[in-house]
Amino acid sequence: YFAGAVGMVVMVVLAVVILIRSNILFRAKMKAEHEDNIFQQILKSNDKAQNWELLKKHSVESLVESLDYASEAYLKLTNGFMDDDLKMVRRSSSMTNNRKEYLKRLKRKEMVALRRIDLTLAMEKNTWFHVQQNCCEQFYYVLKRATEPCVEHMENNFNPMPKPYCEEFVPLRDQLDNLMSRVRRMIQSGDYSTIDMVTESGDTLRSKIQSARTTQMFRIHDEKSDLKVSLVYLNLLSESQELLAAVLKLMRASNRFQN
């Protein structure tokens, strides 16, 4: 009887804790949405020209935030995997898991804003609006596909990433992060004068990553290599290439949307 009573008390306390936590998260979500001042201005305004300028500003802020998220999650993932730091990799995984719902809310809000500008302009910008949104979603899917095999590999205590792989990967990773920073600054400043230079740098980096992928595929066929970690590294290279493509596509779409 006593054990049963204790169990019931524990269950009640646990239920209360879960309810309180859910309430706190819900309030935080509502507060974040309420504090989106630019979107609130769009909802209150009937001036289509003003709404267009506000939407462009809102788009810039959301794209910069998406690039910040992608860069932080990517660095946490890659540093954690190379350092055999499961805790850091899980932080990256947690950032990614919480992202999908945010992107859905953002897309709904900006679609509402798009309907409050001039119809002809909205039709002209509609394609680039959706390309931008798709690129931000691609960040989420790329990082999710890159993170899950790393988490599984490390949770099973398989061999860490070999030093030669790390030495090969770090320069590629750093160049990709640097390119993401350049695109971020470009979008935030609205100055797209260096877009051709960044595109050229991106194409060069894509070739380097492809070369590393080819080298890694040859390694996999070598029976001396550790197959498990080799496959995870190959996946990391592949998803890095996909992330690069999404960043460059976002840059071009933002230029067409803003100008």
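Under the ring pair (Phe, Tyr, Trp, His ring centres under 6.0 Å) criterion, the residue pairs touching residues 107-157 are Phe81-His153, His153-Phe158, with sequence neighbours excluded. Residues in residues 115-126 take part in no salt bridge (charged side-chain N to carboxylate O under 4.0 Å, His left out) pair, two or more places apart or across chains. For the salt bridge (charged side-chain N to carboxylate O under 4.0 Å, His left out) condition, the pairs that include at least one residue of residues 169-195, sequence neighbours left out, are Asp68-Arg184.
The two residues Asn235 and Ala146 have their closest heavy-atom pair at ND2-CA, 3.8 Å. Nearest heavy-atom pair, Cys136 versus Leu63, reported as atom, atom and distance to 0.1 Å: SG-CD2, 3.6 Å. Across Met217 and His221, no two heavy atoms sit closer than the pair O-CD2, 3.0 Å. Of all non-hydrogen atoms in Met88 and Gly80, the two that sit nearest each other are SD-N, 3.7 Å. In terms of heavy-atom proximity, Leu143 sits nearest to Ala73 at CD1-CB, 4.0 Å. Cys150 approaches Val89 most closely through the heavy-atom pair CB-CG1, 4.3 Å.
Here Glu137 does not pair with Lys104 in a salt bridge; the nearest charged N to carboxylate O distance is not below 4.0 Å. A salt bridge links Glu148 with Lys144: at least one charged nitrogen is closer than 4.0 Å to a carboxylate oxygen. A salt bridge does not link Glu53 with Lys57: every distance from a Lys NZ or Arg NE/NH1/NH2 to an Asp or Glu carboxylate oxygen is 4.0 Å or more.
When the shell of 6.0 Å around CD of Glu155 is examined, it contains more than 12 heavy atoms from other residues, nucleotides or ligands. In Met111, the CE atom is not crowded: 12 or fewer heavy atoms of neighbouring residues, nucleotides or ligands sit closer than 6.0 Å.
Side chains of Asn255 and Asn259: a donor on one and an acceptor on the other come within 3.5 Å. Ser59 and Gln132 share a side-chain donor-acceptor pair at under 3.5 Å. Remark: the Ser92 side chain and the Tyr74 side chain contain no N/O donor-acceptor pair separated by less than 3.5 Å. For the residue pair Gln241 / Arg213, a side-chain donor-acceptor distance below 3.5 Å is found, with atom types taken as modelled.
Between the NE2 atom in His58 and the CG atom in Asn37 there is a gap of 9.5 Å [rounded to 0.5 Å]. Here the OG1-CD distance, from Thr215 to Gln210, works out to 10.0 Å after rounding to the nearest 0.5 Å. Rounding to the nearest 0.5 Å gives a distance of 10.5 Å between OG of Ser254 and NZ of Lys56. To the nearest 0.5 angstrom, Met82 atom CE is 13.5 Å from Lys163 atom NZ. Taken from CG in Leu103 to CD in Gln133, the straight-line distance is 8.0 Å, to the nearest 0.5 Å. Gln216 contributes atom CD, which lies 10.0 Å from atom CG of Leu236 (distance to the nearest 0.5 angstrom).
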Quiz item: Stepwise, does the side chain to side chain contact (heavy atoms under 4.5 Å, CB included) test hold for Lys228 with Asn159?
Solution: CA-CA 8 Å; Lys228 292 183 178 67; Asn159 290 335; over 6 Å; no
Exercise. Decide yes or no on side chain to side chain contact (heavy atoms under 4.5 Å, CB included) for Thr78 and Val170, but give the supporting numbers first.
Key: CA-CA 9 Å; Thr78 53; Val170 167; over 6 Å; no
Exercise. Would you check, one step at a time, whether the test side chain to side chain contact (heavy atoms under 4.5 Å, CB included) holds for Ser240 with Phe169?
Key: CA-CA 10 Å; Ser240 295; Phe169 181 67; 3.8 Å; yes
Exercise. Could you walk me through whether Val112 and Leu43 pass the side chain to side chain contact (heavy atoms under 4.5 Å, CB included) test, one step at a time?
Key: CA-CA 9 Å; Val112 169; Leu43 292 180; 3.9 Å; yes
Quiz prompt | Worked verdict on Thr214 versus Arg219 for side-chain hydrogen bond (donor to acceptor under 3.5 Å, both in side chains) | solution = CA-CA 9 Å; Thr214 302; Arg219 287 189 187 122; over 6 Å; no
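Residues Leu67 and Leu250 are in side-chain contact: their nearest non-hydrogen atoms beyond the backbone lie under 4.5 Å apart. You'll find the side chain of Asn79 stays beyond 4.5 Å of the side chain of Asp85, heavy atoms only. In this structure the side chain of Met251 reaches within 4.5 angstrom of the side chain of Thr199, judged on heavy atoms. Put simply, the side chain of Asp226 reaches to within 4.5 Å of the side chain of Val229, judged on heavy atoms. The side-chain heavy atoms of Met186 and Thr194, taken from C-beta on, include a pair separated by under 4.5 Å. Looking at Asn156 and Glu152, their side chains come closer than 4.5 Å, going by heavy atoms from C-beta outward. Counting heavy atoms from C-beta outward, Glu65 and Glu61 have side chains that stay 4.5 Å or more apart. The shortest distance between side-chain heavy atoms of Leu248 and Arg206 falls below 4.5 Å.
The main-chain N or O of Ile42 is never found under 3.5 Å from a side-chain atom of Asp47 such that the two would form a donor-acceptor pair. Checked by atom type and distance alone, the side chain of Ser201 pairs as donor or acceptor with a backbone atom of Met197 at under 3.5 Å. Of the possible donor and acceptor atoms, none in the side chain of Asn126 sits under 3.5 Å from a partner among the backbone N and O of Ala122.
Under the 4.5 Å side-chain contact rule for hydrophobic residues, Met180 and Leu77 share a cluster. Under the 4.5 Å side-chain heavy-atom criterion for grouping Ile, Leu, Val, Met, Phe, Trp and Tyr, Ile187 is not connected to Val131 through any hydrophobic cluster. There is a path of hydrophobic side-chain contacts, each under 4.5 Å, that joins Leu121 to Leu114. Residues Leu205 and Val183 share a hydrophobic cluster, clusters being chains of Ile/Leu/Val/Met/Phe/Trp/Tyr side chains in contact below 4.5 Å. Met154 and Leu75 are not part of a single hydrophobic cluster, where members link through side-chain heavy atoms under 4.5 Å apart.
By the side chain to side chain contact (heavy atoms under 4.5 Å, CB included) test, Lys44 pairs with no residue at all, sequence neighbours left out. Evaluation of the side-chain hydrogen bond (donor to acceptor under 3.5 Å, both in side chains) rule for Lys208 yields Gln175 as partners, not counting sequence neighbours. Applying the ring-ring contact (aromatic ring centres under 6.0 Å, His included) criterion to Tyr165, with sequence neighbours excluded, gives Tyr233.
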